[in-house]
Amino acid sequence: MSNVELKVLLIDDDRATNLYNKYTLDKMGCCKQINIAENGQEAIDYLTSADADGNHPQPDLIFLDVNMPVMDGWEFLEVYETLPDEQKGENIVIMLTTSVNQDDFQKAESDPHISQFRSKPLTPNMLREIIDEYLASK
């Protein structure tokens, strides 16, 4: 798995979850960059930022929580959908949540930007499956 070098964005308001997910990603050795946003607005600010050359971050993989203050996962997706392609890149969005609300699951299933709806926590096996399915060519 170390031959994959992903840029990952974790979007979750729970710091312990972010630390655990970052630890899991680091342990798997598949990331060249991991960024954390504690709500959807921080994530949008990050995605629309640019370096000195005008390049946007364009993470390969986004793990998105549903329930967050300021801007939740659904509100994030509404704004994300309006971003130009150079700010979105070709992101794989995984909704990673503790929500057991069937409405959330059905909404995620119908959203074209969500590749999968998964339950927390992020596990090495889950990460392997996601990489194998979506990012093996990276």
Side-chain angles (χ1 to χ4, degrees):
M1 185 157 273
S2 58
N3 59 343
V4 179
E5 291 192 346
L6 303 175
K7 293 190 292 183
V8 175
L9 176 59
L10 302 171
I11 309 172
D12 198 310
D13 62 313
D14 184 64
R15 289 186 178 173
T17 296
N18 286 328
L19 285 173
Y20 179 82
N21 290 343
K22 184 178 183 317
Y23 171 79
T24 300
L25 291 164
D26 285 338
K27 185 177 173 185
M28 295 298 291
C30 61
C31 299
K32 63 181 172 187
Q33 183 179 341
I34 302 168
N35 290 88
I36 295 172
E38 293 188 355
N39 61 61
Q41 186 59 58
E42 282 185 20
I44 293 296
D45 293 346
Y46 172 71
L47 292 172
T48 58
S49 69
D51 63 17
D53 296 323
N55 299 313
H56 299 283
Q58 297 185 340
D60 303 300
L61 187 56
I62 296 174
F63 289 101
L64 176 64
D65 188 23
V66 174
N67 299 310
M68 297 176 285
V70 183
M71 179 187 283
D72 70 20
W74 300 119
E75 294 165 327
F76 165 81
L77 287 167
E78 286 176 22
V79 176
Y80 175 83
E81 187 176 314
T82 68
L83 296 179
D85 288 342
E86 65 270 8
Q87 291 177 344
K88 283 192 280 196
E90 295 186 34
N91 303 320
I92 303 300
V93 179
I94 307 296
M95 189 154 271
L96 188 63
T97 183
T98 56
S99 174
V100 292
N101 184 334
Q102 196 61 26
D103 291 341
D104 285 340
F105 178 77
Q106 289 172 344
K107 194 172 180 179
E109 287 281 300
S110 66
D111 190 305
H113 297 293
I114 299 174
S115 300
Q116 289 185 12
F117 187 92
R118 295 286 194 118
S119 294
K120 290 179 187 176
L122 178 64
T123 65
N125 196 40
M126 183 191 306
L127 186 58
R128 271 189 217 91
E129 290 171 1
I130 292 166
I131 289 172
D132 288 346
E133 184 167 349
Y134 301 103
L135 300 161
S137 62
K138 283 268 175 202

Would you confirm whether Asn21, through its side chain, and Asn18, through its main-chain N or O, come within 3.5 Å as a donor-acceptor pair? no

Side chains of Thr98 and Asp14 in contact at under 4.5 Å (non-hydrogen atoms): no

Taking only distance into account, with no hydrogens and no angle test, what donor-acceptor pairs under 3.5 Å do side-chain atoms of residues 67-79 form with protein atoms, sequence neighbours excluded?
residue: Asp72; atom: OD1; partner: Trp74; partner atom: N; Å: 3.0
residue: Asp72; atom: OD1; partner: Glu75; partner atom: N; Å: 2.7
residue: Trp74; atom: NE1; partner: Asp104; partner atom: OD1; Å: 3.1
residue: Glu75; atom: OE1; partner: Asp72; partner atom: N; Å: 2.8

Closer than 3.5 angstrom, by distance alone: can the side chain of Asn39 be matched with the main-chain N or O of Gln41 as a donor-acceptor pair? yes

Okay, side chain of Tyr134, backbone of Ser115: is any donor-acceptor separation there less than 3.5 Å? yes

Working to the nearest 0.5 Å, report the span between CD of Glu38 and CD1 of Ile11. 12.0 Å

Using a strict 4.0 Å threshold on nitrogen-to-oxygen distance, state whether Lys22 and Asp26 make a salt bridge. yes

Say whether, by atom type as modelled, one donor and one acceptor occur between the side chain of His56 and the main chain of Ser49 under 3.5 angstrom. yes

Is the shortest side-chain N to carboxylate O distance from Glu133 to Arg128 below 4.0 Å? no

Is it the case that the side chain of Lys7 and the backbone of Leu61 share a donor-acceptor pair, with hydrogens and angles ignored and the cut-off at 3.5 Å? no

Rounded to the nearest 0.5 Å, how far apart are CG of Leu96 and CZ of Phe117? 9.5 Å

Can you measure from CG (Leu19) to CG (Leu10) and round to the nearest 0.5 angstrom? 10.0 Å

Calculate, to the nearest 0.5 Å, the distance between atoms CD and CG belonging to Glu5 and Asp60 respectively. 10.5 Å

Whether Gln87 side chain and Leu83 backbone form a donor-acceptor pair below 3.5 Å: no

